[in-house]
Amino acid sequence: MPAQPVADTGDQDPLVPVWLRVVASTAYVPRSSTEVRALLRGLLGRLTDALAAEPFDAASGAVVGELMVDGALTGELTLERSIGVLADGLVAAGHDARAVVRLLAGVSAGYAAALRKRTLRQQENMKLALLTAKQRAERDRRDTENRFRGVFTASAIGIAITEPDGRFVETNPALANILGCAADELADRSLSDFLAEDDAEGRPLGPEADRRRLRRPNGDTAWVYLTTTMLPADDGRQRYRVTMVQDLSELQLLGNQLSHQNLHDALTGLANRLHFESRLEAMHGQAPPGGALTLLCLDLDAFSLVNTTHGHHAGDRLLQTVARRLSSVVADRAALVARIGGDEFAVLIAHGPVVPSVSELVGEFNAELAEPDYDGRRGLAVSATFGAVRCTPEEMSSTEMFRAADAALRHARSTGRCQWTEYDAHADRAARKVAAAATALPAAWENGELAVVYEPVVRLADRRTVRVRALVHTTSTRDGVDTATELAELTGLAVALGPWLVEQSTPGLPVWRSLFAPVADPGEAVHRVLLSASQSADADLSGTLNRAIDQAGVPAGLLEVGLDTTTVLARGDAQDNLRTLGDIGVVTALHGFTGGPREIALVERFGVRTVVLADPFEGWRPDWLPSEAVPVRATLALISELGSVGAAVGVLGVRDLAEARWWADQGVRTGEGPAFGGPGDTDDILARIRLAAN
Amino acid sequence: MAEATSWVPDGIDLDRPSAARLYDYLLGGAHNFAHDRELAERFIAAQPNAREIARHNRSFLRRSVLYMVEQGIRQFLDLGSGIPTVGNVHEIAQDADPLARVVYVDYEEVAFAHSSLMLADNPLASIVQADLTRPDDVLDAPVTRGLLDFDEPVGLIMAGVFHFVPPEQDPARIVARYRDAFVAGSLLAFSQFTRDLMPEEMDRAVEVMKTSRDPMYPRSRAEITALFDGFDLVEPGIVPTALWHPETGLDDGGDPDRAGIFAGVGRRR
């Protein structure tokens, strides 16, 4: 703090420019010369006032010393030279020399004490900075170590870290397994102890994979691939060797088994899915031009019920029966039957000149399946749901056929049990889009084709952007961005996608803060994440958030996290998450909120700060609905109810400014949607906000 | 596998003094360690004017930032900002306009950690941990992208830092990369050690700094002028720090040729 200048008597004290020269030549003072001059004039005023006071006021000296330190008049020689010019000047101005000496001694003492305090404070900051840097480095090191540890212990390849003479320093469980030893028996031994006698001709191990024979303690031998590389130590010298040991016999055994299993379903003896696909391709290729092919995919109805009520043995038996009967139906046709899933089968028929209708075929299969199968006491029969596709080889490729039959099956299943549907290209298109997007998502994630985009969250009262919501966007499809998380929910990817979204988007927190903190209401978040059902119940949620906030280095209250209301109502772990969010200090929110009494109770009980409404008018524009309509009145009551328990209300999907105005009039705090430009990447959002600001 | 770790993080080598902490000591700060102070004393023995030089350089930084503010600049990129002592760019700029934005850049762990702590409550100033000789790292950092508007002129500050960039790193290329990232009208404030002014003292100082982690490479006026390629130098051109827009009463004492550092400001064409 700069010193308050005392009232200027009007006469410029001749000491001020002299003192200023001393200060300017000895210290860096981060101010203009006018400011420095005013500071010195103020200090000088205090000194002359103290000398004039009755009784003489020696304590003022210490204050002036402190103010010199506060004003950064702290060069190596600043104090000494200042005391020099002040002593000469004050005595020359007629003050009592003894009083001047005592006063300036006070200045020195105050200066020394303040400087000491400043030094200690700076060193304290330095220590804190070092500690922070240390913690960061430690955390990075721990993460690396943990990743390495995970790979090391989980690897199916044996890994040995050895001294240059070959003695084991560290080994992983897979190595002990390959060597046929307990892990603790490996201490002080080396890999060469295990090389078979005829193999130990001293060929040195190197970075090329080398086929060697091992002898296990029990006398067995095993072929392995050995690969050795050197690990440099800190001083750059090569200190350790790393040897990878791959068990060839295990690989070969596995390989044989796999090729056998690759083609056959062990339980029914039918072709499995993989085999079926290649056979389908072959039969499709061999069919004569214009020859009809029928592919049926079928799914046993309520099969899991058989398993749970009569046991897996009964279930297995039933599957074998179904396999036999399906085969018998097509026994005298050119056909292939396969088991393509747990209770899913496929039948491919290459028709001759007479082509029965699909419904006749399905009828035949159903009749055969409906016959009960007796295992002594109990008769079990099943029905099945069928999806069918019929075409010539010119009309569809084999993969398209398989996909079409599968789509028809799913469509049939959605209409109930014991149904059949023939492939309908039109009905399929819509379902196909969703399914394709859902299944493409995990691959898109693997390929890094997912990106984070941001949707502006606007304060409806003045329509200023005060927050952004982070969303997952797939760059591979042109689909609406908001659906990525919903699709992920279908494939089970969502649980992984939640932490990913948080980790990817939170480094931007300082940026959003710099943009929104000046305009947002105090205590409001600048960054919103809405989690899907499975993400809301994720047990690691608080850990993910803690790490992200820690790394972003900003207060937790800048982040708003919304959980799925239905999930929180239904699941205790989601409620735990809601409670923990509050403890961490992030702004808690619920979305998909429909306003039942239990939902409102949640808001009050957990002190939820924001409630994002599920679309209460099912797609209707609220500003076009009559104000006395029941849904409108109920929604208004809900908004006021939520206000009374302290929650701010937000809406999504606001279409245009008219709708935004309507919601604003009803007391809704924030809105998102096409009205405000929709989602964009960081640069987009920054550009838009700057545009709006200009 | 790892040996017992010391208290000080990996990558922070307190036994090797750093220029940032030496500079802090010369300005009277306490953000330094025994090895830094020992180096500083040897530096002062080699170049008795060291404190004055540090003071003049810091004062040039302040005047150049104020000049940029006068010219309408409201966003700054301070490369090699070091350990914040008194009179940091954001303090100067935000004192003039509270909405001024500042991005600091330093690669040293302690400087980064310290600045982060100091700036924790300042939404309009932040630090990027990056090596200024790798401009893409600096320019692509999310903090840089977020705080700076690349469509508006920027105040680019390279004060007392390029004498740590060796010739083989091609300083001209580095400056050019930053220049090309910003629009016309952006300003560059630059200062660095030179042999032109006090050759004997400078040679001794270079010798002293060879033992630190930041050896020094003084440059001539001609070499420094060449770095301003694509910029129009603002009056009075490349001059000793004390002569660049000096302020009466503060910068006009003493012999400007003893400033040891050349400084200049240029406007991007």
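What you are looking at is a predicted structure, and each value in this text was computed from that prediction instead of being measured. Chain naming here is simple, since letters A, B, ... match the order of the sequence lines and numbering starts at 1 in each.
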By a 4.5 Å heavy-atom criterion (distance strictly below it), what part of [X] contacts chain A: side chain, backbone, both, or neither?
X	value
B/L27	side chain
B/I44	neither
B/D151	neither
B/R51	side chain

Residue part contacting chain B, namely of [X], when any heavy atom lies under 4.5 Å:
X	result
A/R121	neither
A/T119	both
A/L128	both

Original post:
Is the B/F60 ring parallel, tilted or perpendicular to the B/W244 ring (thresholds 30°, 60°)?
Top reply: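 If you compare the ring of B/F60 with that of B/W244, the planes turn out perpendicular.
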**OP:** Decide if atom CZ of A/R116 counts as having more than 12 heavy atoms of other residues, nucleotides or ligands within a radius under 6.0 Å.
**Re:**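 No.
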**OP:** Give a yes or no on this: more than 12 heavy atoms of other residues, nucleotides or ligands lie within 6.0 Å of atom CZ of A/R81.
**Re:**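 Count not over threshold, so no.
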Original post:
Do the two ring centres, one from B/F76 and one from B/H90, sit under 6.0 Å apart?
Top reply: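 Ring-ring flag for B/F76/B/H90: false, centres at least 6.0 Å apart.
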Original post:
When you check the gap from the basic side-chain N to the acidic O, do B/R63 and B/E247 get nearer than 4.0 Å?
Top reply: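 Salt bridge: no.
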Original post:
Should the pair A/R139-A/E145 be classified as a salt bridge under the 4.0 Å nitrogen-to-oxygen rule?
Top reply: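 Between A/E145 and A/R139 there is no salt bridge, as every charged N stays at least 4.0 Å from the carboxylate O atoms.
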Subject >> Ring-face cation contact, A/Y454 with A/R469, 6.0 Å cut, 45° max >> reply: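 Judged by the rule, A/R469 and A/Y454 form no cation-pi pair.
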Original post:
Most heavy-atom pairs under 4.5 angstrom with chain B, which of A/T74, A/D683, A/L515, A/N125?
Top reply: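 Looking at each option in turn, the highest pair count goes to A/N125.
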Original post:
With respect to chain B, which residue among A/P510, A/A27, A/P555 yields the maximal number of heavy-atom pairs within a distance under 4.5 Å?
Top reply: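 That would be A/A27.
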